[in-house]
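Here the structure comes first, spelled out in structure tokens, and everything after it is commentary.
Excluded from the calculations below are hydrogen atoms, water molecules and symmetry mates; all remaining heavy atoms, backbone and side chain alike, are included. Chain letters run A, B, ... following the sequence lines, proteins first, then strands; residues in each count from 1.
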Number of protein chains: 2
Amino acid sequence: MGGERRTARESVAAAAADLFAEQGYARTTIREIAARASVDPALVIRYSGSKEALFVDAMTSRAGAALDLDGPLDGLGERIVRYVLEADDGLRSTYLALVRASDADRVGSLLRTFHDEAFVSPLLARLTGPDREVRARLVAAMVGGLMYALWTVGDDALRAVPTAQVVDVYAPGIQRLVTRRGDRP
Amino acid sequence: MGGERRTARESVAAAAADLFAEQGYARTTIREIAARASVDPALVIRYSGSKEALFVDAMTSRAGAALDLDGPLDGLGERIVRYVLEADDGLRSTYLALVRASDADRVGSLLRTFHDEAFVSPLLARLTGPDREVRARLVAAMVGGLMYALWTVGDDALRAVPTAQVVDVYAPGIQRLVTRRGDRP
DNA sequence: TCGCAAAGTCAATATTGTTGACATCGCAGG
DNA sequence: CCTGCGATGTCAACAATATTGACTTTGCGA
């Protein structure tokens with residue numbers, strides 16, 4: 001319970017986090033993690049109990065970056081789109097690894113938590129109005145859609161479009177949900 | 001090349017399609033498929049060459065349902081949203097299986113094809129204007145976002161919202177991209 | 001009827017995650 | 001100082017997996 005001193009467990013955790021993010025769950029082997037951490041394969045299992053648990057731990061440690069929604073409500077749609085378009089490899093590989101391993105129960109619920117804490121909750125905190133819950137969840141869906149198209153599907157044609165143009169086309173739809181507005185035109 | 005008579009290859013193909021859709025790629029074993037088809041495990045490999053190739057074949061046979069975009073452009077946003085919300089298990093399980101196995105190269109490119117043929121191309125055919133390509137791809141992203149939130153993430157709170165309300169909130173954003181409109185208000 | 005290619009079977013292999021039995025080390029208590 | 005003892009690590013083995021090589025069976029045309 002208390003506190004670990006240093007290396008050993010830590011280097012296994014680091015190796016796991018790196019390799020899982022680089023190669024995903026399926027392509028990464030326990031023995032590979034053990035090798036990188038200079039440790040016996042059996043030991044890395046002893047630590048976490050199972051490969052799945054190790055994966056969940058590793059991804060939990062990486063899933064810290066939540067969406068920053070401070071600042072005026074006005075430019076929020078644009079800032080959100082830019083956030084995804086300019087995201088670093090860290091977010092992309094974490095997202096991909098989680099999505100692709102999400103048929104394991106514990107990973108699925110981690111993805112749900114990640115989605116909630118990174119997108120839905122921060123949005124909910126800034127929205128007002130009667131249907132703010134639905135709007136927050138649908139904004140999160142739009143953000144997820146962008147990540148899905150760019151990363152999961154890998155739409156190269158979309159990736160090639162200049163940031164400014166994607167912002168111009170996609171952001172208004174998000175902004176409309178952020179700053180209320182009549183449902184039907 | 002000509003034509004198979006009936007059972008054997010066919011029953012393996014059927015068993016594979018069913019099991020992969022039900023359980024996904026990782027949880028489905030070659031031996032399980034063989035058992036359901038009453039066939040030797042080695043044989044099912046002999047047919048397709050590898051588990052991955054078998055998966056690609058099976059999913060290709062299931063990925064036929066493209067989005068129907070006939071009818072007036074006006075209600076199109078609403079019809080698209082309804083299409084996803086009221087989709088049958090077939091589309092959902094095909095989508096999930098593809099997404100979760102998409103780190104295998106051939107599956108990834110199948111997912112790209114599926115995304116393109118089912119959503120981007122039909123949309124492109126109906127849109128006009130200079131940036132129609134970007135708009136089509138971003139509408140596809142919005143559709144993907146809905147599937148992502150509902151199915152990959154499994155946002156129960158969103159799933160519990162009445163169809164009409166989701167349509168009211170989400171469809172206008174899609175409709176705006178379908179029927180042109182100034183980028184900035 | 002014979003022969004031969006296609007179809008199917010069987011046993012073996014390499015790789016995986018995981019576990020049980022053992023070894024080793026650090027350190028508190030006599 | 002030594003003696004245990006629990007934590008930490010190691011080794012070999014296990015069961016399950018996809019895949020392959022050698023073999024047998026079968027259907028069918030010459």
Worked verdict on E32(A) versus R36(A) for salt bridge (charged side-chain N to carboxylate O under 4.0 Å, His left out): CA-CA 6 Å; E32(A) 199 178 357; R36(A) 176 171 295 202; over 6 Å; no
Stacked cation flag K51(A) on Y25(A), 6.0 angstrom / 45 deg: yes
Under 4.0 Å between a side-chain nitrogen and a carboxylate oxygen: does that hold for D116(B) and R137(B)? yes
Donor-acceptor contacts under 3.5 Å from residues 54-76 of chain B side chains, at least two apart:
unit_1: T60(B); atom_1: OG1; unit_2: V56(B); atom_2: O; d: 2.6
unit_1: S61(B); atom_1: OG; unit_2: A58(B); atom_2: O; d: 2.7
unit_1: R62(B); atom_1: NH1; unit_2: T94(B); atom_2: OG1; d: 3.2
unit_1: D68(B); atom_1: OD1; unit_2: D70(B); atom_2: N; d: 3.4

Check each residue of residues 22-35 of chain A for a non-hydrogen atom within less than 4.0 Å of any atom in DNA chain C, then write out the ones that pass by number, or none. T28(A), T29(A), I30(A), R31(A)
Please list, by residue number, the residues of residues 38-56 of chain A whose heavy atoms come closer than 4.0 Å to an atom of DNA chain D; answer none if no residue qualifies. D40(A), A42(A), L43(A), R46(A), Y47(A)
Determine, step by step, whether Y148(A) and T152(B) satisfy the side chain to side chain donor-acceptor pair (under 3.5 Å) criterion, reporting the C-alpha distance in whole Å, the side-chain angles of both residues, the deciding distance to 0.1 Å, and the verdict. CA-CA 10 Å; Y148(A) 169 74; T152(B) 306; over 6 Å; no
Pairing donors with acceptors under 3.5 angstrom, does anything connect the side chains of R100(B) and S102(A)? yes
T29(B) side chain vs R31(B) backbone, donor-acceptor pair below 3.5 Å: yes
